[in-house]
Amino acid sequence: MARATCSHLHLVPTLLHPLKSNFLRNQTLLRTAHFYGTQRRFSSFSSRISMSLRAGIVGLPNVGKSTLFNAVVENGKAQAANFPFCTIEPNVGIVAVPDSRLQVLSNLSKSVRAVPASIEFVDIAGLVKGASQGEGLGNKFLSHIREVDSILQVVRCFEDNDIVHVNGKVDPKSDIDVINLELVFADLDQIDKRLEKLKKGKAKDSQSKVKEEAEKSALEKIREALLDGKPARSVTLTDYERDAVKHLCLLTMKPVIYVANVAESDLSDAADNNYVKEVTKVASELQSGIVTVSAQVEAELTELPMEERQEYLNSLGVSGSGLGNLIRATYGLLGLRTYFTSGEKETKAWTILAGMTAPQAAGVIHSDFEKGFIRAETVAYDDFVAAGSLAAAREKGLLRSEGKDYIVQEGDVMLFRFNV
Ligand SMILES: Nc1ncnc2c1ncn2[C@@H]1O[C@H](COP(=O)(O)OP(=O)(O)OP(=O)(O)O)[C@@H](O)[C@H]1O
Ligand SMILES: [Mg+2]
């Protein structure tokens, strides 16, 4: 059945989401975690909505997924331990997207608080060969992957004889193949079932018939690619076809970043590491991103007091934590953009999709802003900083008055005029 939650981006009604509304109200709570539960299901929309996207942490068992999750979601409580299938139920956590522009704007506007954009991370159980046939905890885990917007595939690139590798040895290429193949099989299975149904079903009217035809042709193209071992996202589809297959939430349609999880000792020269080189090669062949981190180091960092963290990083020969890169890469992967509102009360980063118009962007703050939209006063981030304030930008003629067709640009600082 079609699930709204697998759509590329979904609107989350914050007031009905206990954690998220709390997150928005309590700005000191930037990183938090909770268990995947019934609160994810919403029956109706509240007037206050916020955009959220979910990135699923996927990989073989015991490769460091929960360790990474706990480091990203700083007070995450996912159990991470040296045995396969340690995680069974997915853990969900909300993470602030680091953005240096936020503090700059906040300082200039003398805001009481600065509120970053956020991302949800989901720590999913390990997949093994045969998962699509029910091996391991198989299909259940695959269904958890179906509900995320993008995939972070953790690949073990660290040697450690004490940490069990389910296939007996560290082999990034083979590990990636195992996971990708399971996702391919799961999609093939789903596509075959759907095509069977479409063959039997008689469309009621000509419009649904056209749609079903588009779906059929898209699924046949995707099926071909999958049989070749290629992901659904590599298939060229028309917008109409893409839309027609959206409801299936195909696993290989989701964008992927490979996360090369290296040993502490390899962090400073990770690019020279042969395992990392292998991951980089596969990632570029599959037109996916790669981020190198040491989940172990990141987890250890979170245990240290702030003032000792940099010292520890220096001792490893690296300048900073890799998590910021990971979070930003995930955000970018989804084609997301940020615009800001900035005033004395608060400076806030808002998440929109690339190509959204000013009223749609306003609707992310409040649906009334979209309905009653009149104009948006807009200034580019650099111009705002150069002028020093919204008022100064206005005096210098840098503040533009934009109408309903304006496409909001990355880093725009906006003030909406609307009727209620
Ligand atoms: N970069 C690393 N270097 C060394 N050890 C690591 C590294 N990353 C993770 N580990 C260790 O690997 C073990 C497995 O980690 P973790 O529980 O996070 O794996 P997982 O992928 O979540 O496993 P599961 O699929 O069973 O839930 C832990 O003992 C952890 O400390
Ligand atoms: Mg785990």
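The figures that follow rest on heavy atoms only: side chains count, while hydrogens, waters and symmetry mates do not. For the single chain, residues carry numbers from 1 onward in sequence order. When a ligand or atom number is given, it counts from 1 through the structure's own listing order.
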Do [X] and [Y] get their side chains close enough for a donor-acceptor pair, meaning under 3.5 Å?
{"X": "Gln153", "Y": "Asn180", "result": "yes"}
{"X": "Tyr331", "Y": "Thr351", "result": "yes"}
{"X": "Thr252", "Y": "Asp187", "result": "yes"}

Quick check on contacts: which atoms of ligand 1 are under 4.0 angstrom from a heavy atom of [X]?
{"X": "Ser66", "result": "18 (O), 20 (P), 22 (O)"}
{"X": "Ser294", "result": "1 (N)"}
{"X": "Thr67", "result": "9 (C), 15 (O), 16 (P), 18 (O), 30 (C)"}
{"X": "Gly126", "result": "25 (O)"}

Checklist entry - For ligand 1, which part of Val262 has a heavy atom less than 4.0 Å away: the side chain, the backbone, both, or neither? => result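 Looking at Val262 and ligand 1, just backbone atoms fall under 4.0 Å.
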
Between side-chain atoms of residues 100-108 and protein atoms elsewhere (two or more places apart, or another chain), which donor-acceptor pairs fall under 3.5 Å?
unit_1 : atom_1 : unit_2 : atom_2 : d
Arg101 : NE     : Asp99  : OD1    : 3.0
Arg101 : NE     : Asp99  : OD2    : 3.4
Arg101 : NH1    : Glu410 : OE2    : 3.0
Arg101 : NH2    : Asp99  : OD2    : 2.8
Arg101 : NH2    : Glu410 : OE2    : 2.7
Gln103 : NE2    : Asn107 : OD1    : 3.3
Asn107 : ND2    : Gln103 : O      : 3.4

Checklist entry - Is the number of heavy atoms from other residues, nucleotides or ligands under 6.0 Å of Gln207 CD greater than 12? => result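 No, the 6.0 Å shell around CD holds no more than 12 heavy atoms from other groups.
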
Checklist entry - Does CG belonging to Asp239 count more than 12 external heavy atoms closer than 6.0 Å? => result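 It does not: Asp239 CG has 12 such atoms or fewer within range.
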
Next on the checklist: Below the 3.5 angstrom mark, is there an N/O of Val63, backbone or side chain, next to an N/O of ligand 1?
Outcome noted: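 For ligand 1, there is an N or O atom that lies under 3.5 Å from one belonging to Val63.
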
Checklist entry - Near the Mg ion (ligand 2), is there an N/O/S atom from Ser66 that is less than 2.8 Å away? => result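 Coordinating: yes.
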
